[in-house]
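Reviewing the structure listed below.
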Amino acid sequence: MNSSISSSDREGAGRFLKAFLAVVLGVGVVLTTMLVVLDPYDTGRLTPFVKAGIPATGPRVSNVSRLRNPAFDAVIIGNSTIQQISPERLNAQTGRSFVQLSVPGTGPMEHVALIDHLVYRRGTAIKAVVLGLENSWCDASRSLRALHPFPFWLYDRNPLVYAGSLVRMDSLEFVPRRIRLLLGQEKPGRADGYWDYEGVGRYQPTGMGELQALPIPSAYRGQAAATDSLRRVLRSLPSQTRLILVHPPVYAAARKANPASDAQTLAACKAAIASVVAERPGTQLIDLWIDSADNRTREMFFDSNHYSSAMALLIEARLAEALRRP
């Protein structure tokens, strides 16, 4: 009797478990299908909605939409140290159509992911790439780690990796905004990705005193820079794509405050980067991480490595000059 009841209970539990798993699987399939079709991040993959555009949100997720936008044929990639470069002003000087893809707090690993996806989606349609190489590129380990969360799955070439990672709370929360955008009830974010941190008061000058020293990675172990990441960038870009690398400016007083060992590391880093740059004909390197009159001008900086629009204008002029060279 007890054996018969136990057997029946087990069969009932088994049927319940199968039904439960079927429901979970069904809900997962429905959610995945809905998210893939609605394409909340506007990746343009596996969806009938092909027009580029995404509601205003952070660049970590919105850049995947900008990367595929055919309105642009040139990109600016880096972190907040290259963020102040204006696509609109650069366009006027070069005749190109730039999009700003900088992401604050990122380094070589994230920048390589963005460029890899750019090549995958646009290929030879991209005529110029400006890449900021700031102090995180002086740390070879940054090729293997990111300091802050970044949605690498969103930029993965494999559509199955993308679809498999799409079912998450962030995606579901973004769906209503995506629907409103598709219905014309919400405006898309700025297409060229420019965000003027000076204009919105993100950074404010802290007076004319000395600034805190800018940390330069000193873990030099035979490789003074993330050269593997840089070499991957150089090899992945089509040969006809112009590549301009920039060491963004640093306030000179902060640079001098670093110990001699860090200064030696910086020199070794620059030398390692320059040797890799030489491997790709036509690639240009603009070194603004130097002691100069502009870098000694306190009013040009908000902190040790974030600069004003006045400095951005000078950098844009250098970039335009580089792009005009044959």
Side-chain angles (χ1 to χ4, degrees), residues 21-77 87-88 91 96-103 106 110-129 149-195 236-238 241:
L21 292 176
V23 169
V24 171
L25 180 61
V27 170
V29 170
V30 170
L31 284 177
T32 301
T33 302
M34 178 192 71
L35 289 170
V36 166
V37 171
L38 288 175
D39 192 18
Y41 304 110
D42 188 41
T43 66
R45 295 190 283 187
L46 309 175
T47 176
F49 303 111
V50 297
K51 184 178 180 181
I54 190 171
T57 188
R60 279 172 168 76
V61 296
S62 61
N63 278 349
V64 74
S65 172
R66 298 185 179 103
L67 276 167
R68 75 178 187 91
N69 192 338
F72 304 107
D73 65 3
V75 303
I76 304 164
I77 290 177
E88 187 175 0
N91 294 345
R96 300 255 67 96
S97 182
F98 272 91
V99 60
Q100 175 60 268
L101 300 174
S102 62
V103 182
T106 54
E110 298 93 320
H111 303 162
V112 168
L114 288 170
I115 291 175
D116 185 68
H117 194 76
L118 173 72
V119 173
Y120 168 61
R121 295 307 302 266
R122 302 296 311 285
T124 57
I126 297 300
K127 305 304 180 185
V129 173
F150 187 83
F152 290 100
W153 61 272
L154 194 56
Y155 299 89
D156 197 290
R157 291 191 178 199
N158 189 337
L160 295 180
V161 172
Y162 157 71
S165 302
L166 188 57
V167 181
R168 57 184 61 215
M169 188 57 65
D170 291 346
S171 302
L172 293 172
E173 291 174 348
F174 218 77
V175 165
R177 298 189 65 191
R178 174 65 168 167
I179 293 175
R180 289 196 298 271
L181 179 69
L182 293 172
L183 294 175
Q185 298 174 354
E186 182 167 347
K187 292 182 179 180
R190 182 161 173 161
D192 70 1
Y194 182 56
W195 178 43
S236 67
L237 288 173
T241 299

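As the structure is a computational prediction, the values presented were derived from the model and not from experiment.
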Are [X] and [Y] close enough that some pair of their side-chain heavy atoms sits under 4.5 Å apart?
X    : Y   : value
Y162 : R45 : yes
E110 : I77 : no
L38  : L35 : no

| message | Checking the side chain of Y41 only, and the main-chain atoms of S171 only, is there a donor and an acceptor separated by less than 3.5 Å? | response | yes

| query | At what distance, to the nearest 0.5 angstrom, does CZ of R122 lie from NZ of K127? | reply | 9.5 Å

| query | Going by the salt bridge (charged side-chain N to carboxylate O under 4.0 Å, His left out) test, which pairs reach into residues 151-162, not counting sequence neighbours? | reply | D116-R157

| request: Over all heavy atoms of both residues, which pair between V36 and L46 is shortest? Give the atoms and the distance, please. | output: CG1-O, 3.0 Å

| query | Regarding R66 and the six-membered ring of F72, is the cationic atom NZ or CZ under 6.0 Å from the ring centre and inside 45° of its axis? | reply | no

| Ring centres of F150 and Y155 under 6.0 Å apart? | yes

| remark: Contacts of R60 meeting salt bridge (Lys or Arg N to Asp or Glu O under 4.0 Å) (sequence neighbours excluded), chain-then-number -> none

| request: Quick one: list whatever passes salt bridge (Lys or Arg N to Asp or Glu O under 4.0 Å) with E186, sequence neighbours left out. | output: R177, R180

| task | Carefully, step by step, assess L237 and V119 under the rule side-chain contact (heavy atoms from CB on, under 4.5 Å). | result | CA-CA 7 Å; L237 288 173; V119 173; 3.8 Å; yes

| request: Identify whether the distance between the nearest side-chain nitrogen and carboxylate oxygen of R96 and D73 falls below 4.0 Å. | output: yes

| said: Ignoring hydrogens and geometry beyond distance, is a side-chain donor-acceptor pair present between S65 and D42 at under 3.5 Å? | reply: yes

